[in-house]
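Below is one structure, written out as structure tokens; the observations come after it.
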Amino acid sequence: MELKINTNISNQFKEVSITINAPELSEEIQNIIKYISNINSVPNNILASKDNKIYFIDLKKVVCFYSKEKSNYVRTIEGKYKIKYKLYELEEILNKIDFIRISNSCIININQVECFDTSILGTVIVKLKDNTQESVSKRNVSSIMKLLRERGKLK
């Protein structure tokens, strides 16, 4: 889909208004609408704890969120921290452009991915910038491959 963006900046406007003109209400258009609608509700950081201290973790620094032994954690390049959120709650509030669920126990930050290893037929291993790796569950392989195809359409 080719996207044309027009802007009209003037102090005559009292508020920001966005108009979408399209031949049909496609899935891509619905995703754009959903993304724009959620811009103000997406957090910039998340509360986490480590050694009886509470931290604000910048979401840009998050490598992944994961579950282990009935607890949930956030991993950054600096280390891992415990979080109170359930992964399904994070999935609802995180920016879907940057974060994707790869298994029942892991949500990754796409911006922290070194590469996707597809050398073993039917499996995908995500190698992350903190020198760790996570396996994509078989049920999520197709969504990861779709993501790679969509993001691979660079002009």
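- Here Ile100 contributes atom CD1 and Ile144 contributes atom CD1; the two are 4.0 Å apart, rounded to the nearest 0.5 Å.
- A search for side chain to side chain contact (heavy atoms under 4.5 Å, CB included) contacts involving Asp98 returns Asn95, Asn109, Asn111, not counting sequence neighbours.
- With sequence neighbours left out, Glu91 forms a salt bridge (charged side-chain N to carboxylate O under 4.0 Å, His left out) with Arg101.
- The side chain to side chain donor-acceptor pair (under 3.5 Å) search around Gln133 returns none, not counting sequence neighbours.
- The CD1 atom of Ile102 lies 10.0 Å from the OG atom of Ser143; values are rounded to the nearest 0.5 Å.
- Under a cut-off of 6.0 angstrom, the local environment of NZ in Lys129 is crowded, with over 12 non-hydrogen atoms contributed by other residues, nucleotides or ligands.
- With sequence neighbours left out, Ile120 forms a side chain to side chain contact (heavy atoms under 4.5 Å, CB included) with Thr123.
- Annotation: salt bridge (charged side-chain N to carboxylate O under 4.0 Å, His left out) contacts of Asp117 (sequence neighbours excluded): Lys127.
- In Lys61, the NZ atom is not crowded: 12 or fewer heavy atoms of neighbouring residues, nucleotides or ligands sit closer than 6.0 Å.
- In terms of heavy-atom proximity, Ser103 sits nearest to Asn140 at N-ND2, 3.2 Å.
- Distance alone, capped at 3.5 Å, places no donor-acceptor pair between the Ser49 side chain and the Asn52 backbone.
- Under the salt bridge (charged side-chain N to carboxylate O under 4.0 Å, His left out) criterion, Lys4 pairs with no residue, sequence neighbours left out.
- Closest approach of Cys106 to Cys64, counting heavy atoms only: SG-CB, 4.1 Å.
- Separation of atoms CD1 (Ile97) and CG (Asn31) is listed at 7.5 Å; rounding is to 0.5 Å.
- Linking Ile, Leu, Val, Met, Phe, Trp and Tyr whenever their side-chain heavy atoms come within less than 4.5 Å puts Ile32 and Leu25 in one cluster.
- The side chain to side chain contact (heavy atoms under 4.5 Å, CB included) search around Val141 returns Val124, Val136, Met145, not counting sequence neighbours.
- A continuous path of Ile, Leu, Val, Met, Phe, Trp and Tyr side chains, each step under 4.5 Å between heavy atoms, connects Phe99 with Ile83, placing both in one hydrophobic cluster.
- At least one side-chain heavy atom of Leu90 sits less than 4.5 Å from a side-chain heavy atom of Ile46.
- Residues Val126 and Tyr66 do not share a hydrophobic cluster, clusters being chains of Ile/Leu/Val/Met/Phe/Trp/Tyr side chains in contact below 4.5 Å.
- The hydrophobic cluster containing Tyr88, built from Ile/Leu/Val/Met/Phe/Trp/Tyr side-chain heavy atoms closer than 4.5 Å, comprises no other residue.
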Under 3.5 Å, side-chain donor or acceptor atoms of residues 70-82 against the rest of the protein: list the pairs with distances, not counting sequence neighbours.
from	atom 1	to	atom 2	distance (Å)
Asn72	OD1	Ser67	OG	2.5
Asn72	ND2	Tyr85	O	2.9
Arg75	NE	Asp130	OD2	2.8
Arg75	NH2	Thr132	OG1	2.8
Arg75	NH2	Glu134	OE2	3.3
Thr76	OG1	Glu78	N	3.1
Thr76	OG1	Glu78	OE1	3.3
Thr76	OG1	Gly79	N	3.3
Thr76	OG1	Gly79	O	3.2

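- Remark: Leu59 CG to Asn45 CG distance equals 6.5 Å, nearest 0.5 Å.
- Under a hydrophobic-cluster definition in which Ile, Leu, Val, Met, Phe, Trp and Tyr are linked whenever side-chain heavy atoms come within less than 4.5 Å, directly or via other members, Leu87 and Ile57 are assigned to the same cluster.
- Counting only residues at least two apart or in different chains, ring pair (Phe, Tyr, Trp, His ring centres under 6.0 Å) contacts with residues 101-149 are absent.
- Every salt bridge (charged side-chain N to carboxylate O under 4.0 Å, His left out) that Glu27 has, sequence neighbours left out, goes to Lys146.
- In the hydrophobic clustering, Phe56 connects to Leu47, Ile54, either directly or through intervening members, whenever side-chain heavy atoms lie under 4.5 Å apart.
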